[in-house]
Amino acid sequence: MTLRGQKILLAVCGSIAAYKSALIVRLLKKQGAEVRVVMTPSALGFITPLTLSTLSENPVLHSFTEGELGEWNNHVELALWADLILIAPASENTIGKMVHGICDNLVLAIYFSAKCPVFVCPAMDLDMYKHFSTQENLKKLQDNNVVLIDAESGELASGLIGQGRLAEPENIVRFIEEYIGNTAPLGSKKILITAGPTYEAIDPVRFIGNHSSGKMGVALAMQAWKMGATVTLVCGPVSDPLLAGLPADIQVKKVVSGQQMFEAVETSIDHQDIVIFAAAVADYTPEVVSKIKIKKTEDTFTIQLKKNPDIAKICGEHKKENQRFVGFALETNNEEVNALNKMKSKNFDAIVLNSMNDEGAGFAGDTNKITIYSNHQPAYESTLQSKEIIAREILTYIMGI
Ligand code: PMT
């Protein structure tokens, strides 16, 4: 499963080689990739969306709008969803438009919105392929970081023999596997991530908790795993579906209270290279937990609280030379000062600030907006993005510290 969890968007263009896209989908899926397929209008003449949607187990999109109600297919969302875009087969027409900024179909709109690596696999007749204009266009794409999986030589649909055949699906998939293998930047790293809230029991039915959903920590675990790391996730009480999507080789340690989270972290921290403290741990816990449900008697009710172990702080005191610890701070006021104080007092190498004053940032939602501080100054500021993208940005930043 060399492409474990990779989100690959396969764009199919109009070419007789489009039939090979079915095999590409199968091979990518076999290697553990999640595949979505988009097609240019002319590709529809060569292979049906039904074939590709059945194999990919996802709907296939081929126009900006879908269905009788004209539902909008958001090209930006699709482009951001992908970890990698594979244009196979890429026709002369599409290659030319990619170079010259012509955006007259969904595939091209996705390409122009993409932030991830794009691979292009040309397929055309030999004379078209060696035409100076095709070669110049392919060169320009490569100069702009598009990865070329070159056409192969052999018999062409025209009956002529020469270079222009779509690379064999096995070769395309092997090329991508090698590319991802080489770019699995966390391949040798062990990463522990804390996530979610903690629940501090008051009695058998009540607890002190907070609004953390665990989404940020789980996104970090998933992205770290995709980047090749060996991941341990220590997770407070979060919804089952959130954890159900995680691959089996992420070790998940489910806990409930801050004390339990501390114990779970303590037992695995020694051999970690990177620890990210994304959990919202309750600072205080009831001193006494009633064994039976507390009854309503007086008009007021007081619970005596004691401090929970400060997991990050205790771990920070024993941090090894080769370990990197990164904390989070969710603040409502004095954001920068508070974040920097936490970074210092807990011996973090960096801290990720998310502010409650930024709409769409912090707790519960699917998005976040962060500033990373390192060396006591802002080192990276994101825009509002999905927690998935934010996780990737945080991990990319951590690799450099
Ligand atoms: O889970 P989501 O809904 O996706 O929301 C994500 C999040 C907002 C919870 C997350 O992005 C975040 O900001 N987590 C930290 C919340 C916070 O403000 O923590 P804190 O200020 O209490 O603690 C600072 C740091 O110390 C954090 O790294 C925290 O994990 C750690 N800590 C705190 C207390 C404690 N007892 N043990 C700890 O390890």
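Both ligands and their constituent atoms are indexed starting at 1 by order of listing. Scope of the values below: all heavy atoms of this structure, side chains included, with no hydrogens, waters or symmetry mates. This is a predicted model, so every value here is computed, not measured. The first residue in the sequence is number 1, and the count goes up from there.
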Salt bridge check: are Glu359 and Lys369 linked by an N-O gap of less than 4.0 Å?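 Judged by the 4.0 Å cut-off on N to carboxylate O distance, Glu359 and Lys369 do not form a salt bridge.
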Is the closest N or O pair between Ser213 and ligand 1 shorter than 3.5 Å?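 Checking ligand 1 against Ser213, an N or O pair does fall under 3.5 Å apart.
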Check: Ala312 N/O within less than 3.5 Å of ligand 1 N/O: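 Yes, at least one N or O pair falls under 3.5 Å.
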Check contact between [X] and ligand 1, using heavy atoms of the residue and a distance below 4.0 angstrom.
X: Ala361; value: no
X: Lys387; value: yes
X: Asp283; value: yes
X: Gly217; value: no
X: Gly258; value: no
X: Gly362; value: yes

Evaluate the ring planes of Phe348 and Phe277, with Trp represented by its six-membered ring, and classify them as parallel (under 30°), tilted (30 to 60°) or perpendicular (over 60°).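 Phe348 vs Phe277 ring planes: tilted.
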Relative to the ring of Phe207, is the ring of Tyr199 parallel (under 30°), tilted (30 to 60°) or perpendicular (over 60°)?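 Geometry flag for Phe207 against Tyr199: parallel rings.
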Decide whether Thr383 and Gln385 meet the rule of one side-chain donor and one side-chain acceptor closer than 3.5 Å.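 Result is yes, a qualifying pair exists.
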